Amino acid sequence: MIEVDPDLNADIRWQLIERITASPPFQKSTRLRDLLRFMAERTIHGHPQDLTEHRIGSAVFGKPDDYSVVEDSSVRVHVRQLRLKLHEYFDGEGRDETCIVEIPKGAYTTVFRTVEQKTTTPPLVDSTSDGFSPWIRWLPWGLAVLFLVTTLLTWLRRPADSPPAPAPWPLATLFDQRNRPVRIVVADINYGMLRLVDEQPVTLERYLSPSYRSGDPISNAHPTAREARVMKYLSGSLLTSYADVVVATTLIRLTGNSNDRLVIRSARELRPRDLEEGSFVFVGSPSSNPWVSYFQNKLNFRESEGVVGESPKFFENLHPMAGEQAAYRGLVFTGSSGEDYATISLLPLPNGRGNVLILQGLQQEGTEAAGLFLADATNRQKLQQALGISGSPAQPTYFEALIRTNAIAGSSNETTIVATRVLHP
């Protein structure tokens, strides 16, 4: 909570803020109360330059000074919620206030607007004049009572606003009571393109080396000027795929009232120490998100390929069960039509201090299909049935599932479960 200048308490605008934050719509959210108080205090004191998204994130939410507002949308999410709560207050308990607080869209300043109060006095009716009966004088009051009763009945019968639903299984496993952020690590498309240009597989260790990220080491000892420019561009920029964007937005929509804890990171920004604690969603396969290879030895279905850039990738089934294939080959390249495969895996961190959800497709169509599969409640129920679990287990059930999708011109469709495994790490 912000420290308040004692002189501020005498300001009628601040008194209004205190009434608002003490009202029922704000009782369940300390963050919204602190956010409104900070924004109002800066506005009243005439310091609008402090009301930037980055400044609010640091002052109210305790974000580090170097955090990125592009990747962390928590301030924008809470400001949208604050606008709704203000409307709720002034439509209910604060409907008789003479001043209204508003937050204009696209801004982080509070606007105080005076409301004109209009009072009307019912005209007196002389019951002895014009031959009207005495009950005429009560007619306006009767109509007012009828209107009030009708309005009250309509309000009582309206459907209650449902609170945002919590994250469904298996996403619920990623959210703990400590309210730690869940990092969605999207693929590094530049890394995948560098592999194709170099025509060599790359280990996670080499991917993390400064020399590789500078674009210097390629197999061709004497690259052309064009090759050198391409490598320099690919090593110095951050790009991800359309499939990863679809998956990220799907997860944000699915996580309901927990989506403000989601943080999107590029695979290139992650460091090994980040995996010591927390929860993660890794999007993409080892050929586009090398961090997935960190967990490959725990999985039964592993991405494999022959000659980089020439051979189609496939999932190797290390221990085939009855009716299963030893390998599942997907599309030759993204954007084509046919069958592609993906895996959905839930694992613990090696030290057990967090959980990891991996959504990896052989091509982008498979990765997109994995995210859309989890977005469908029927698919989630089928997956639980295949794993022999139900509801949201008290303890995490770790698993991997191989799914197949029919892709048409780059768009995934008709996703089905091919095989599942319950993991015992």
Side-chain angles (χ1 to χ4, degrees), residues 68 71-72 170-171 173-174 180-196 198 200-214 234-241 243-248 250-251 262-305 308 313 315-316 341-364 366-368 370-371 374 398-401 423 425:
S68 172
E71 299 170 350
D72 189 338
L171 294 173
T173 309
L174 304 176
R180 293 181 297 187
V182 177
R183 281 168 278 191
I184 302 177
V185 183
V186 296
D188 182 354
I189 294 302
N190 293 23
Y191 161 74
M193 297 174 68
L194 282 168
R195 292 175 64 256
L196 296 177
D198 197 23
Q200 293 291 328
V202 180
T203 63
L204 179 59
E205 181 179 5
R206 187 180 174 212
Y207 175 72
L208 295 174
S209 67
S211 59
Y212 179 79
R213 297 191 177 202
S214 69
L234 294 179
S235 63
S237 57
L238 287 178
L239 300 176
T240 194
S241 70
D244 287 47
V245 173
V246 171
V247 172
T250 299
L251 295 179
L262 296 179
V263 178
I264 300 178
R265 291 285 183 268
S266 168
R268 192 171 298 196
E269 298 176 309
L270 212 62
R271 294 296 180 267
R273 284 191 177 275
D274 294 332
L275 296 179
E276 293 179 355
E277 186 178 35
S279 295
F280 300 83
V281 179
F282 289 100
V283 185
S285 67
S287 59
S288 61
N289 192 337
W291 291 101
V292 176
S293 63
Y294 188 76
F295 302 92
Q296 285 291 88
N297 64 340
K298 305 292 184 182
L299 302 176
N300 176 69
F301 301 102
R302 302 182 186 178
E303 183 193 65
S304 300
E305 63 181 325
V308 176
K313 294 183 292 183
F315 278 117
E316 181 182 4
Y341 291 87
T343 59
I344 302 172
S345 309
L346 183 66
L347 298 162
L349 287 176
N351 59 11
R353 299 171 64 183
N355 295 307
V356 175
L357 180 67
I358 301 175
L359 308 176
Q360 60 168 324
L362 295 176
Q363 298 292 349
Q364 292 185 24
T367 300
E368 181 180 350
L374 288 181
Y398 299 112
F399 68 90
E400 61 177 318
L423 302 178

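Note that the structure is predicted; figures quoted are calculated from it, not measured.
To the nearest 0.5 Å, atoms CG (D188) and OH (Y207) are separated by 3.5 Å. Taken from CG in L174 to CZ in R183, the straight-line distance is 12.0 Å, to the nearest 0.5 Å. Here the OG atom belonging to S293 is positioned 11.0 Å from the CD atom belonging to E205, to the nearest 0.5 angstrom. Put simply, CG on L423 and CG on L346 are 8.5 Å apart, with the number rounded to the nearest 0.5 Å. Distance check: Y294 OH to L275 CG gives 5.5 Å after rounding to the nearest 0.5 Å. To the nearest 0.5 Å, atoms CG (L171) and CG (N355) are separated by 11.5 Å.
Taking all atoms of both residues into account, the shortest heavy-atom contact from L208 to P272 is CD1-CG, 3.7 Å. A pairwise comparison of heavy atoms in R271 and W291 identifies C-CH2, 3.6 Å as the closest pair. Contact record, Q360 with L299: NE2-CD1, 4.0 Å, taken as the closest heavy-atom pair. Summarising the geometry of L347 relative to K298, their closest heavy-atom pair is CD2-CB, 4.1 Å, with the distance given to 0.1 Å. Among all heavy-atom pairs drawn from T367 and A342, the shortest one is N-CB, 4.5 Å. Closest approach of Q296 to R302, counting heavy atoms only: O-NE, 2.9 Å.
Put simply, the side chain of Q364 never gets that close to the backbone of S241: no donor and acceptor are under 3.5 Å apart. Distance alone, capped at 3.5 Å, is enough to place a donor-acceptor pair between the T240 side chain and the A187 backbone. Formation of a donor-acceptor pair under 3.5 Å by the N289 side chain with backbone atoms of V185 is found in this model.
Between F282 and F295, the ring center distance clears the sub-6.0 Å criterion.
With contacts defined as side-chain heavy-atom distances shorter than 4.5 Å, the pair T250/L374 does not qualify.
Applying the salt bridge (charged side-chain N to carboxylate O under 4.0 Å, His left out) criterion to E303, with sequence neighbours excluded, gives K313. Listed by chain and number, the residues in a salt bridge (charged side-chain N to carboxylate O under 4.0 Å, His left out) with R265 are E71 (sequence neighbours excluded). Among residues two or more places apart in sequence or in another chain, the side-chain contact (heavy atoms from CB on, under 4.5 Å) test is passed with P181 by V263.
Checked options L357, I358, V356, N300; the residue passing with S345 is I358 (criterion: side-chain contact (heavy atoms from CB on, under 4.5 Å)).
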